Amino acid sequence: MDSLKQVDREVWQAIQDELERQQFHLELIASENYCTPAVLEVQGSVLTNKYAEGYPNKRYYSGCDNVDVVERLAMERAKRLFGAEHANVQPHSGSQANMAVYFAALTPEHRVLGMDITHGGHLTHGFKKNFSGQIYEAATYGVDRETKLLDYEAIMEKARTFQPDLIIAGASAYSRAIDFAKFREIADDVGALLMVDMAHIAGLIAGKQHPDPVPYADFVTSTTHKTLGGPRGGFILCKAKYAAKIDQKVFPGMQGGPLMHIIAAKAVGFKEALTDGFRERQRQTVANARALAQELMNRGYDVITGGTDNHLFLLDLTNKDISGRDAQGCLSEVGIYVNKNLIPFDERGAFETSGIRVGSAAATTRGMKEQEMVTIGGWIDRVLSAPWDDELKKSVKKEVTDFCASFPVYENGTISAPLLEGLPTEKS
Ligand code: DSN
């Protein structure tokens with residue numbers, strides 16, 4: 001980054017500091033990951049200079065031949081990766097992907113039914129302070145009070161009473177496999193459309209480690225940067241019959257110029273995700289989440305639902321006499337990043353919370369396996385058992401830093417080995 005260093009030392013310095021943070025801290029925030037050097041390169045490419053409103057071959061600007069190539073590649077690869085009939089790769093984020101589906105499927109008097117944000121749903125699934133809860137009449141379903149699992153019979157009941165026009169399946173903090181066939185049955189029973197927001201589990205689905213929503217859903221939305229490990233952005237998959245409407249709602253309905261450098265990076269990310277190495281990484285991601293959850297349960301922690309089927313789990317800290325906010329704070333002091341998270345039926349508010357959400361995707365991308373999860377579980381326990389103990393935190397911080405040095409991320413601008421494992425290589 002020599003040019004940047006010359007032009008803007010402050011931004012350059014912040015990036016160096018962030019690189020160091022990413023290298024020497026343990027990332028367990030469930031929605032984060034490390035993208036590959038190839039994906040990073042594309043995002044800094046000349047494609048950022050190009051305006052290309054419209055779609056391949058139907059642009060409102062001249063000079064779009066090259067960006068047409070990358071957008072077509074991204075669309076074709078997304079379709080191949082997920083077996084979808086149509087892909088729109090232009091949404092700038094997952095929220096915008098969801099917004100485009102709402103605009104395509106609904107008008108303002110319509111009703112939506114999504115998972116309660118306090119039980120693990122997302123803002124855009126009908127939360128009252130979000131557009132989804134403001135424009136549409138929204139109701140929510142949650143998990144069972146005892147099992148903390150989705151109760152499909154209760155969701156059916158709710159749907160029959162509320163009569164939604166669109167049902168949203170998908171979550172930001174739910175650790176068990178979601179039964180998309182059941183959601184289809186519920187949607188059909190009440191004559192609703194079904195949207196699956198697979199943002200968190202998209203990588204697992206691409207890697208065949210989680211049931212596939214595509215055969216069941218009218219619309220599937222996602223981000224590209226969570227378990228999928230690509231650039232920050234969104235995309236939509238849908239049946240061919242909805243293609244024209246979805247495209248029209250993304251542009252010109254909601255967005256202007258697409259970010260062609262990000263779309264190119266999505267194309268690269270999808271190509272990486274089509275490999276056996278990616279599938280193996282997703283298998284390891286689930287194995288790692290299970291190993292870490294098990295280690296914490298062995299140490300007396302309450303893991304919501306008693307385990308996980310995916311890349312994340314929620315720790316209920318009620319029996320540990322520490323809030324989620326304080327747990328997040330003291331773990332970050334030793335270089336371990338998690339996020340405070342409401343647990344279902346939480347008695348604390350969203351700013352304090354009784355839980356933390358823990359995810360394995362980023363650690364797995366660095367090459368960590370089950371034995372490292374056991375070590376990490378030990379650190380989490382030591383710190384949360386004595387959050388006031390500065391000497392202990394100092395010692396754990398040193399152990400975390402030394403440990404991270406063995407799992408390089410972007411070393412000296414070169415490519416670190418775990419990030420490359422199983423990736424496609426082109427003949428020059
Ligand atoms: N903010 C994301 C997460 O952390 O799950 C969801 O958009």
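Every number for a ligand or one of its atoms is a count from 1 in the order of the listing. Values reported hereafter were calculated over all heavy atoms of this structure, with side chains retained and with hydrogens, waters and symmetry mates removed. Residue numbers run from 1 in the order of the sequence given. Fair warning: this is a prediction, and the values are worked out from it, not measured in the lab.
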Quiz item: Can you tell me the protein heavy atom closest to atom 2 (C) of ligand 1 and the distance?
Solution: Lys226 CE, 3.9 Å
Quiz prompt | Residue, atom name and distance, where the atom is the protein heavy atom closest to atom 1 (N) of ligand 1 | solution = Ser31 OG, 4.7 Å
Exercise. Would you verify whether the NZ or CZ of Arg145 falls within 45 degrees of the ring axis of Phe345 while also being under 6.0 Å from that six-membered ring's centre?
Key: yes
Quiz prompt | Numbered atoms of ligand 1 (with element) below 4.0 Å of Arg357, judged on heavy atoms | solution = 3 (C), 4 (O), 5 (O)
Quiz item: Which of the numbered atoms in ligand 1 are below 4.0 angstrom from a heavy atom of His200?
Solution: 3 (C), 5 (O)
Quiz item: Do the ring planes of Phe251 and Tyr55 sit parallel (below 30°), tilted (30 to 60°) or perpendicular (above 60°)?
Solution: perpendicular
Quiz item: Ser360 and Asn288: side-chain donor and acceptor closer than 3.5 Å?
Solution: no
Quiz item: Between Tyr337 and His25, is the ring centre distance below 6.0 Å?
Solution: yes
Quiz item: Can the ring centroids of Phe235 and Phe82 be said to lie less than 6.0 angstrom from one another?
Solution: yes
Exercise. Specify side chain, backbone, both or neither for His225, according to which of its non-hydrogen atoms lie closer than 4.0 Å to ligand 1.
Key: neither
Practice problem: Check whether any protein heavy atom sits under 4.0 Å from atom 7 (O) of ligand 1. | Solution: yes
